Amino acid sequence: MRAAIVEAVGKVSVTTVPDPAPGPRDVVVSVASCGLCGTDLHILQGEFAPTLPIVPGHEFAGEIVEIGSDVTELAVGDKVAVDPSLYCHECRYCRAGRGNLCDRWNAIGVSKPGGAAEFAVAPVANCVKLPDHIDVRDAALIEPLSCAVRGYDVLSSTLGAEVLIYGSGTMGLMMLELAKRTGAASVDVLDINPDRLATAAALGCSRSAASADELDRPRGWDVVIDATGNAAAIQDGIGRVAKGGTFLQFGVSDYATKAVIEPYRIYNQEITITGSMAVLHSYERAAALFAAGVLDPAVFISDRLPLEEYPQAIERFKAGLGRKIVVEP
């Protein structure tokens, strides 16, 4: 089969690899679409993936074409979206229900061969069957949506909150859509990319700007979400949190990214700084929200490229062009 391969740091290509075979409790998925995200750039930079080479692609969906000998829950022909998370179920964090913090955390497309290929193997437990009305080519959006759902689980949102989101890429826009549905009184969005900012405005954010200074809210916001991973945005965002408010680090930063905090202000104003790591008990809910139409795929997916153009897709994503970019084998 054809697959994208991150061969070494900074080097990605498309080549022929052996067809995958399922284990007893696995299925083989014919991939319909595979999304690119910031994690794929980190893998290309030599972060996250424990070893290279690796077939990337942790946001994917498709149709089952083969099942393992012990699989009874799903059948050949079923359309599925795949939760890429792989936990050990034995460590302290798994046993506490915090599998996303697993000491031996793995993921399809990060440490195991992923969906940037014609076919991918996944445990049957990680597959969510999709209803007939879903176009499986759009369902690669479910995985990032499940991360956004996890983010809102962490926030435990309060009705009437004033929200500020840094970044209007795919994840920022998903956080916008969820904020609108979790009782926010207002949702403001910041981005230096005017095209992306226009999409946030079209989706109904309260205000949009290139800088928080343009929004004139000296008391700050109840909830500030970084969906960029950018050091300057993070630093600015921490300073925009209102008294009693929360800063959520949602964007994935480089390992070396640093930010400065003011401990007295955090103490005196009871500010919470927290993070959200990947998916936790949120994939099925994201699939249900997606099936209910919480996202418009035509808005979120800006580019559909053939698998053979995976290196070009990575370059386009790296340049900050478009919104969600998917490759379709």
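Please read these numbers as outputs of a predicted model, since none were measured by experiment. Values below: every heavy atom of this structure, side chains too, minus hydrogens, waters and symmetry copies.
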Inset, instruction - List, by chain and number, the other hydrophobic cluster members for Y264, where Ile, Leu, Val, Met, Phe, Trp and Tyr join if side-chain heavy atoms come within less than 4.5 Å, directly or indirectly. - result: Y267
Inset, instruction - Please check if atom CZ in R95 has more than 12 non-hydrogen atoms from other residues, nucleotides or ligands closer than 6.0 Å. - result: no
Inset, instruction - Identify the heavy atoms of K258 and A231 that sit nearest to each other, and give their distance. - result: O-CB, 4.3 Å
Inset, instruction - Check whether any side-chain N or O of D222 sits under 3.5 Å from a backbone N or O of E162 as a donor-acceptor pair, and report yes or no. - result: yes
Inset, instruction - Could you check if a side-chain atom of L86 sits within less than 4.5 angstrom of a side-chain atom of I108, using non-hydrogen atoms only? - result: yes
Inset, instruction - Could you tell me whether the side chain of D40 reaches within less than 4.5 Å of the side chain of F317, counting heavy atoms only? - result: no
Inset, instruction - Find the distance between CG (D103) and CZ (R92) and round it off to the nearest 0.5 Å. - result: 9.0 Å
Inset, instruction - Determine yes or no for a side-chain-to-main-chain donor-acceptor pair under 3.5 angstrom, with Q249 supplying the side chain and G275 the backbone. - result: no
Legend entry - N126 (side chain) donor-acceptor with V82 (main chain) under 3.5 angstrom: no
Legend entry - Lys/Arg N to Asp/Glu carboxylate O, D138 vs R304, below 4.0 Å: yes
Legend entry - Polar side-chain atom of H58 near backbone of C37 as donor-acceptor pair, under 3.5 Å: no
Inset, instruction - Search all heavy atoms of S111 against all heavy atoms of N106 and return the closest pair with its distance. - result: OG-OD1, 2.7 Å
Legend entry - Side-chain donor or acceptor of S302 paired with backbone N/O of R323 under 3.5 Å: yes
Legend entry - Salt bridge flag under 4.0 Å for residues R316 and E309: no
Legend entry - K180 atom NZ, neighbour heavy-atom count above 12 within 6.0 Å: yes
Inset, instruction - Determine yes or no for a side-chain-to-main-chain donor-acceptor pair under 3.5 angstrom, with K324 supplying the side chain and L36 the backbone. - result: yes
Legend entry - C127 to L74 - nearest heavy-atom pair and separation: CB-CD1, 3.6 Å
Inset, instruction - Taking all non-hydrogen atoms of both residues into account, name the closest pair between A117 and V55 and its distance. - result: CB-CG1, 4.2 Å
Inset, instruction - Evaluate the side-chain proximity of T170 to M174: yes if any heavy-atom separation is below 4.5 Å, no if none is. - result: yes
Inset, instruction - Write down the atom of S282, the atom of V149, and the distance for their closest heavy-atom approach. - result: CB-CG1, 3.8 Å
Legend entry - Neighbour count above 12 (heavy atom, 6.0 Å) for E262 CD: no
Inset, instruction - Please confirm whether the backbone N or O of V260 pairs with a side-chain atom of Q235, one donor and one acceptor, at under 3.5 Å? - result: yes
Inset, instruction - Any chance you could measure M171, atom CE, to T228, atom OG1, to the nearest 0.5 Å? - result: 12.5 Å
Inset, instruction - Report yes if some heavy atom in the side chain of S186 is under 4.5 Å from a heavy atom in the side chain of R217; otherwise report no. - result: yes
Inset, instruction - State, yes or no, whether a side-chain contact exists between V110 and P84 at a heavy-atom distance under 4.5 Å. - result: no
Legend entry - Derivation of the side chain to side chain contact (heavy atoms under 4.5 Å, CB included) call for W105 and M277: CA-CA 11 Å; W105 184 87; M277 164 59 184; 3.9 Å; yes
Inset, instruction - For the pair D78 (side chain) and A75 (backbone), establish whether a donor and an acceptor sit closer than 3.5 Å, ignoring hydrogens and angles. - result: yes
Legend entry - Neighbour count above 12 (heavy atom, 6.0 Å) for L41 CG: yes
Inset, instruction - Give me the other members of the hydrophobic cluster that I273 sits in, counting Ile, Leu, Val, Met, Phe, Trp and Tyr linked by side-chain heavy atoms under 4.5 Å, directly or via other members. - result: L164, Y166, L190, L215, W221, V224, I234, I238, V241, F247, I261, I266, I271
Legend entry - Residue pair C34 / Y310, side-chain heavy-atom distance below 4.5 Å: no
Legend entry - Side-chain donor/acceptor of D254 to backbone N/O of T257, under 3.5 Å: no
Inset, instruction - Report yes or no: do I225 and V294 belong to one cluster of Ile/Leu/Val/Met/Phe/Trp/Tyr joined by side chain heavy-atom distances under 4.5 Å? - result: yes
Legend entry - Within-4.5 Å side-chain heavy-atom neighbours: P22 and V27: no
Legend entry - Electrostatic pair D153-R285, nearest N-O below 4.0 angstrom: yes
Legend entry - Side-chain (S146) to main-chain (A286) donor-acceptor, under 3.5 angstrom: no
Inset, instruction - Using a 4.5 Å cut-off on heavy atoms from C-beta on, say whether the side chain of R104 contacts that of E90. - result: yes
Legend entry - Residue among L145, T199, V326, L295 satisfying side-chain contact (heavy atoms from CB on, under 4.5 Å) with F300: L295
Inset, instruction - Any chance you could measure C147, atom SG, to M175, atom CE, to the nearest 0.5 Å? - result: 10.0 Å
Inset, instruction - Work out which heavy atom in P297 is nearest to a heavy atom in L141; give both atom names and the distance. - result: CA-CD1, 3.9 Å
Inset, instruction - May I ask you to say whether R25 pairs ionically with D70, meaning some side-chain N is under 4.0 Å from a carboxylate O? - result: no
